[in-house]
Amino acid sequence: MDTLMALLTVITQPQLLLLVGVGTFAGVYVGAIPGLSVTMAVSILISFTFSWDVYPAISLMVGIYMGGVYGGSRTAILLNIPGAPCAIATAMDGYPMAQRGEAGQAIGVTTTMSFFGGLVGILVLAIAAPLVSDFALRFQPRDYMLLAVLGILLVGSLSPGSLLKGIFAGALGIAVGAVGRDPLTFTERFTFDFSLLDGGISFIAVMIGMFGVSEALLQLRHVATPTVRQKITRVVPSWKTVRKHLPLSLQSSTIGVVIGALPGTGGDIASLMAYDYAKRTTKKPEREFGDGAMEGLVAPETANNAAVGGAFIPMMTLGIPGDAVTAIMIGALFIHGLNPGPMLMVDQPEMFWFIVGALVTANCFMLLFGLTGIKLFTKIVEMPRSVLIPLIMLLSIVGAYAVNNSITDVYWMLGFGVFGYFLRHYGYPLGPVILGVILSRLLDDNWRRAIISEREDLWRFFDGVVSSPLSLTLMLGVILVFVSQTRLWSFAKSLLPRRKSPQEGD
Amino acid sequence: MKKTVFGAVSALVLGISGATAQDFPSKEIQGIIQWGAGGSTDTVMRSVTPHAEEALGATIVMQNMTGGVGAIALNHVTSAKADGYTLLMGAENPLLYKVMGLGNKDYTDFIPLILLARGTPLLLANNDAPYDDYQGFIDYVKAHPGEVRIGATGPGGLSSVITAMMNEVEGDLDMIKVPYDGDGPALTAMQGGAVDVMPAVLGAAIEAVRAGNMKTLAVFDVEQNKNLPDTPIVTSFNEQYNTFLPWGSFFGVFAPKGTPDDVVAKLSDAFGTAAVNPEFLALMDDRGFKMMNISGDEAQAFLTKWQQGTTWLLHEAGLTKASPEEFGIARPGE
C-alpha cells in the first residue's frame, strides 16, 4: 500500500505533476539544441532547486532527463544535426525521411518508440533493479574492453559506401579521442606541447562541427533549390506499424537497459549498438538502411530511452551512477539530506517508488509533447535555406560555446566542421568518426586496466577471457560480428542456397 | 570642455574603484568548481554556497570547469581580474601540480577565503578478500607478492599518497596498481572484484560500507572515527604512521592574489557564516568530513604544511616529475 502511494505521489500532487510536465517540456527543447545538454541542465538545476524540498527538485530533474534524451532526435531528423550524442544513429535514417517529406511520420514513430523504450526501461527498473545491478557489477575491465571492440565493429554498419573509408574515419575518431592528458596517468598524449591541447578535444564540439557546420556548408550548394514540403497528415503511427516493429523494439530496449545500467556506458553507445543490431537482423526492410528505413529509427530511439531507466538501476540500488546525469542526481539527493547508496532502497523505499512514478509520468508527458507541435517543428525544414543555414551556424556556435563556456571549443567545432565538409565530399562517412571518439576512452582505459591487472601477460589475459562466461560470450560476439563482415562469410552463405537449389530442382 | 570630460572620467574611475571597496558585491560572483558535477568537491560547494549567498546578499553562479586535473579551472581564475568576482572552488590537488609537472601555478597564487573541511582516508577491501584487517592485508601482500590488485586514481590522487605512505612505512609492497579515473569508478570496480583493495576518502565509501558491500581494513587517522567505530586506526597497527598523519584531502574557496583586503574579508566572513550553518554541518557529518572552517594565516599555514609533507612523501616514493626543492618547497620540519 505504501509502495502504491509512493508510486502515485507525482500524480496525486498537482504541483509535482506540473513540475514533471514543465521539466519534460524544457527537456525536449534543451535536448533538441546541439550543445545544450541534459547534464548541463540538471547541474544548473541543483543550485536552482537548493532551497526546495527533495520531491519537487527530483521531479523537475527527472522530467528534463526523460525529455532531453528524446529531444535530440528532433534536430537529427529535421536537420541531420543530432541534438545530443544519443541521437546520432537517429539521423542516419531520420534525415532521409525528412528529405522525402516524411518528417511528420518520422517524428511520430520516433516519439511512440521512445515512449515504448522508456516504458520498458522503467519496468525493468521497477521489477528487476537488484538483479540487473548485480549483473552490471560483474563486468570486468576486459568485458568493457570487449564491449568497446564490439562497438568499433559497428563501423561496418555506419559506413554506407566504402568500408575502408569507414575504418579510416573510425580510426581518426579514436585518435581524436586520445588527445590530451590521459585521465589515468595524466601523461600528455598528442599534445605537441601545446597547453591548449592539454584538456583534450571536446567530443561535443567535434560532434556539432561534423554534423552541424558541415551540413550547413553542404546545404550552401543548394541554396536556390526549393525546400521539400512536409506531409504531416499521418503523425501518430498506425497500430499496424507499431505491431510490426514490436519485436525489434523489445530487443533494442533490452540492449538499451543493459548498456544504460553499466556504469561508464550510456544512451549514446546503446543507441548505436541497437541501430547496428537492427541493421543486421532486419531481413527485408521496406527501404534500405541509410535511405529512410523505419527500423533505423525504431531501434536507436527505443534503446536510448530504455537506457534512462537502465541508468537509474545502479543509482537506486547501489548509489553508483549509470551515466553523467545520474551522477549529478546522486549529488542532488545528497545535498537534499538523503544518503544515496545501497541503503537508500532499504531505509527509504518510498524514494525509489517516487522516482519510478516520476519517470512514468515524464514518459507520458514526453509522448504528449512529442506528438503535438510537430506542425510547428516541420516548418523549420520548410524555411528557405538562406534563413535556415545561418540559423544552423548560430545554433552550432552557441552550442559549442555552452558546453564548457570556452571559445576554444568554438574554434574546434568550426575546424571540424570544415574538415567534415571535405570528408563528406570525398565519401568518408562521419558516423564512424563520432563512434571512434565515443569509444576511444572506453577501449583505451579498459584495455590498459585489463592487461595491467593480468601483470601485462597476454596469456593470462586470454585465460581470463576464456574462463569467464560473460567475457567468453562477448568474445564470441566480437568474432561472429567480425567474421560476418568478411568475404569468408559471404562465401559460406553463397554455398547454402546452392545446396538448396538442386533440391528445389528435383 | 576637456576638463569636464576628464573630470567625469576620473570621477567615474574613482566611483568604480570606490564601489569595489564599499559596495562589494555589486554584481554576480562566479564560482568556478574545479571538478565535474556530482563529485565530492561539487556537492560540498553546492551545499555551502547558498548559505554564503545569504550571508553576502549576492548571487554566486557556480560553474563546473573540468579538465587537466583541475588545472584548467585554476588557470582560468588566476587569469581573471582579482576583484573578488571570480572565485575558485577547489580541492587539495593543485598543491601537487608543480612537482607533478601539471602546471606552474598552485594555491600560492591565491588567497584562501576558507578551508572548509577535510576528508579522512580509509583502506577498503572487497568482501571476498582473504583478510579482515590492516595487518592481515600487509601479511598477505608480503606472502603473495605481485598478486593483490590495488585501485589507483593517478599520480597525486589520494590513493597514490596512501600507497606511498604504506610503502614508506611497511617497506616496498609488491602490488598491481590498476588505474581508474576517480575513486567512484574504482570503488565500483572493487565491488565487482576487478580490484581487491582501494584507499579512498571516507565520504565516497561510507554508504557502501554501511550496506556491507565492502569491508574496511583501517582508518588512516590518528583518532577513532565516530562514523566507523569498529574500524581500527592505522596507527594502532604501526606507530610509524604518526609521522604522516593526520593527512587528508580538503576543500576550499580561493580568490586570486591581489584581491583587495576588504573584499577578501567580506567573502571570508560570508563563507565562515555558511560553514557553521547547522544544515550544512549535518550534511558534512553524515558523509564523514571533518570540519575545518579556517581562513587567513591559519589556512595559509595549513596549506604550506600540507604541501611540504605530501610533495616530499611523493618525491621520496619516486612519483614526482620534479623535486619540491626546485619550487622552494621546504622539507617538512625544516
Side-chain angles (χ1 to χ4, degrees), chain A residues 39-40 42-44 46-47 50-51 136-142 180-188 195 198-200 202 263-264 314 318-321 324-332 334-337 339-344 346 404-406 441 445 448-450 452-456, chain B residues 36-40 42-44 46-47 49-50 53 60-69 71-72 75-76 100-103 146-147 149 152-156 176-182 184-185 187-189 191-195 203 206-213 279 282-283 286-287:
Chain A
T39 320
M40 192 194 311
V42 173
S43 67
I44 290 169
I46 287 197
S47 306
F50 180 81
S51 55
L137 266 188
R138 242 182 268 161
F139 273 67
Q140 301 291 307
R142 62 166 175 266
R181 276 196 193 273
D182 159 41
L184 303 184
T185 59
F186 305 152
T187 316
E188 289 170 57
S195 60
D198 252 19
S202 157
L318 299 166
I320 294 167
V325 180
T326 39
I328 302 170
M329 290 185 98
I330 288 177
F334 165 56
I335 287 172
H336 283 284
N339 287 318
M343 296 307 280
L344 189 70
V346 183
N404 286 322
N405 288 9
S406 127
R441 274 201 58 194
D445 292 2
R448 278 153 66 195
R449 275 175 207 142
I452 288 173
S453 303
E454 303 298 350
R455 288 172 35 201
E456 286 155 50
Chain B
S40 42
D42 182 67
T43 36
V44 167
R46 286 186 195 272
S47 5
T49 306
E53 282 180 320
I60 303 176
V61 181
M62 280 172 286
Q63 189 198 330
N64 300 89
M65 197 178 275
T66 56
V69 219
I72 291 177
N75 291 339
H76 174 86
M100 288 294 172
L102 293 170
E147 265 183 36
R149 288 163 302 172
T153 54
I176 303 173
K177 289 177 195 158
V178 188
Y180 282 88
D181 49 347
L187 289 171
T188 306
Q191 292 178 58
V195 293
I206 185 83
E207 286 304 315
V209 170
R210 275 183 198 153
N213 288 1
E279 266 176 58
L283 215 101
D286 244 12
R287 283 262 136 162

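Side-chain atoms are counted along with the backbone in the values below, which use heavy atoms only and exclude waters and symmetry mates. Numbered from 1 within each chain, the chains take letters A, B, ... in sequence-line order.
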Student: Taking every non-hydrogen pair under 4.5 Å, which of A:Gly341, A:Gly180, A:Ala136, A:Ser43 racks up the most with chain B?
Tutor: A:Ser43
Student: Considering only heavy atoms and a distance below 4.5 Å, find which of A:Gly331, A:Pro342, A:Ala332, A:Ala450 pairs most often with chain B.
Tutor: A:Pro342
Student: Just so I know, are the side chains of B:Thr43 and A:Ile46 near enough to count as touching, which here means a heavy-atom distance under 4.5 Å?
Tutor: no
Student: Is chain A contacted by the side chain of B:Arg149, its backbone, both, or neither, given a heavy-atom distance below 4.5 Å?
Tutor: side chain
Student: Less than 4.5 Å to any heavy atom of chain B: does that hold for the side chain of A:Ile335, its backbone, both, or neither?
Tutor: both
Student: What part of A:Leu344 lies closer than 4.5 angstrom to a heavy atom of chain B: side chain, backbone, both or neither?
Tutor: neither
Student: Which bit of B:Leu283 is near chain A, if near means a heavy-atom gap under 4.5 Å: side chain, backbone, both or neither?
Tutor: both
Student: Do B:Val195 and B:Tyr180 have side chains that get closer than 4.5 Å, going by heavy atoms?
Tutor: yes
Student: Chain A heavy atoms under 4.5 Å from B:Thr49: which part of the residue, side chain, backbone, both or neither?
Tutor: neither
Student: In terms of heavy-atom proximity below 4.5 Å to chain B, should A:Ile452 be classed as side chain, backbone, both, or neither?
Tutor: both
Student: For A:Ser453 versus B:Ile176, what's the shortest heavy-atom pair and its separation?
Tutor: O-CD1, 3.6 Å
Student: Relative to chain A, which segment of B:Glu279 carries a heavy atom at a distance below 4.5 Å: side chain, backbone, both, or neither?
Tutor: neither
Student: Could you pull out all residues at least two apart from A:Thr39 that satisfy side chain to side chain contact (heavy atoms under 4.5 Å, CB included)?
Tutor: A:Ser37, A:Ala324, A:Val325, A:Ile328
Student: If we only count heavy atoms from C-beta on, is the A:Ile320 to B:Gln191 side-chain gap below 4.5 Å?
Tutor: yes
Student: I'd like to verify something: which residue of B:Glu207, B:Arg210, B:Met100 has the highest number of heavy-atom pairs under 4.5 Å with chain A?
Tutor: B:Glu207
Student: Identify whether the distance between the nearest side-chain nitrogen and carboxylate oxygen of A:Asp182 and A:Arg441 falls below 4.0 Å.
Tutor: no
Student: Using the test side-chain hydrogen bond (donor to acceptor under 3.5 Å, both in side chains), find all partners of B:Arg287 that sit at least two apart in sequence or belong to another chain.
Tutor: none
Student: A:Glu454 versus A:Arg142: any side-chain heavy-atom pair under 4.5 Å?
Tutor: yes
Student: For A:Pro314, is it the side chain, the backbone, both, or neither that has a heavy atom closer than 4.5 Å to a heavy atom of chain B?
Tutor: neither
